[in-house]
Amino acid sequence: QVQLVESGGGLVQAGGSLRLSCAASGRTFSSYGMGWFRQAPGKEREFVAAITWSGGMTYYADSVKGRFTISRDNAKNTAYLQMNSLKVDDTAVYYCGAGWVGGIGDYGMNYWGKGTLVTVSS
């Protein structure tokens, strides 16, 4: 079992930055691929970014490519999402997931956090 807790959300102006963290319990964190997803009001949850278990490969949705960076620190059992140049359209609840990551559209999350709200104002 892996328990995930997101943090770092909040209110930021357009153009600003936030860093989300996803802290994982358990000793097997380093064996899981990690992903960040988001769900805006009235919309379905969508893929944002993913990273393989080793951190060697990362993948991004086109909408965030060049602005967001996913990373992980296996020694700290934590994954991160650095979000720069935020836009109003980035407003959503952001969730992290743990599972397997093979590429864009090729992933499966077995565990989910409860999410952290990011609100970007104009």
Side-chain angles (χ1 to χ4, degrees):
Q1 285 285 343
V2 176
Q3 291 185 327
L4 304 173
V5 179
E6 302 95 336
S7 62
L11 175 64
V12 64
Q13 286 191 326
S17 298
L18 282 175
R19 188 176 82 153
L20 305 183
S21 298
C22 175
S25 64
R27 294 176 291 177
T28 59
F29 173 77
S30 61
S31 65
Y32 288 97
M34 299 295 295
W36 285 97
F37 300 76
R38 66 187 182 186
Q39 186 167 18
K43 295 186 177 181
E44 294 186 352
R45 188 176 298 189
E46 64 175 2
F47 168 81
V48 174
I51 188 168
T52 53
W53 66 271
S54 67
M57 296 294 291
T58 57
Y59 306 94
Y60 298 92
D62 286 343
S63 59
V64 306
K65 199 172 296 182
R67 300 188 297 123
F68 290 11
T69 302
I70 188 171
S71 62
R72 65 188 298 158
D73 185 338
N74 286 344
K76 294 184 178 179
N77 280 11
T78 303
Y80 304 96
L81 185 68
Q82 177 68 43
M83 305 186 295
N84 298 329
S85 302
L86 281 161
K87 304 176 181 179
V88 173
D89 287 349
D90 294 319
T91 295
V93 177
Y94 284 71
Y95 300 89
C96 70
W100 57 269
V101 173
I104 291 287
D106 183 21
Y107 54 81
M109 300 292 117
N110 302 110
Y111 304 99
W112 292 94
K114 294 184 178 180
T116 185
L117 177 63
V118 172
T119 303
V120 184
S121 64
S122 58

Ring pair (Phe, Tyr, Trp, His ring centres under 6.0 Å) involving W53 - partner list, sequence neighbours excluded: none

Over 12 non-hydrogen atoms of neighbours within 6.0 angstrom of CD in E46: yes

Minimum heavy-atom distance L4-A98, with the two atoms named: CD1-N, 3.7 Å

Interatomic spacing from CZ in R72 to OG in S21 - rounded to 0.5 Å: 13.5 Å

Common cluster, M34/Y59, ILVMFWY with side-chain heavy-atom separation under 4.5 Å: no

side-chain contact (heavy atoms from CB on, under 4.5 Å) partners for T58, two or more places apart: I51, Y60, I70

ILVMFWY cluster, W36 and V2 together (side-chain gap under 4.5 Å): yes

Set of residues satisfying side chain to side chain donor-acceptor pair (under 3.5 Å) with respect to K43, sequence neighbours excluded: none

Pairs touching residues 95-122 that satisfy ring-ring contact (aromatic ring centres under 6.0 Å, His included), sequence neighbours left out: Y32-Y111, F37-Y107, F37-W112, F47-Y107

For G8 against T116, the heavy-atom pair lying closest together: N-OG1, 4.2 Å

Residues forming a salt bridge (Lys or Arg N to Asp or Glu O under 4.0 Å) with D106, sequence neighbours excluded: none

Side chains of residues 77-93: which donor-acceptor partners sit under 3.5 Å, not counting sequence neighbours?
{"from": "N77", "atom 1": "ND2", "to": "G26", "atom 2": "O", "distance (Å)": "2.8"}
{"from": "T78", "atom 1": "OG1", "to": "K76", "atom 2": "O", "distance (Å)": "2.8"}
{"from": "Q82", "atom 1": "NE2", "to": "N84", "atom 2": "OD1", "distance (Å)": "2.9"}
{"from": "N84", "atom 1": "OD1", "to": "S17", "atom 2": "OG", "distance (Å)": "2.9"}
{"from": "D90", "atom 1": "OD1", "to": "R38", "atom 2": "NH1", "distance (Å)": "2.9"}
{"from": "D90", "atom 1": "OD1", "to": "R67", "atom 2": "NH2", "distance (Å)": "3.0"}
{"from": "D90", "atom 1": "OD2", "to": "R67", "atom 2": "NH1", "distance (Å)": "2.8"}
{"from": "D90", "atom 1": "OD2", "to": "R67", "atom 2": "NH2", "distance (Å)": "3.4"}
{"from": "D90", "atom 1": "OD2", "to": "K87", "atom 2": "N", "distance (Å)": "2.8"}
{"from": "T91", "atom 1": "OG1", "to": "V88", "atom 2": "O", "distance (Å)": "2.9"}
{"from": "T91", "atom 1": "OG1", "to": "V120", "atom 2": "N", "distance (Å)": "2.9"}
{"from": "T91", "atom 1": "OG1", "to": "V120", "atom 2": "O", "distance (Å)": "3.4"}

Any donor-acceptor N/O pair, E6 side chain to C96 backbone, under 3.5 Å: yes

Joint hydrophobic cluster, M109 plus M57, side-chain heavy atoms closer than 4.5 Å: yes

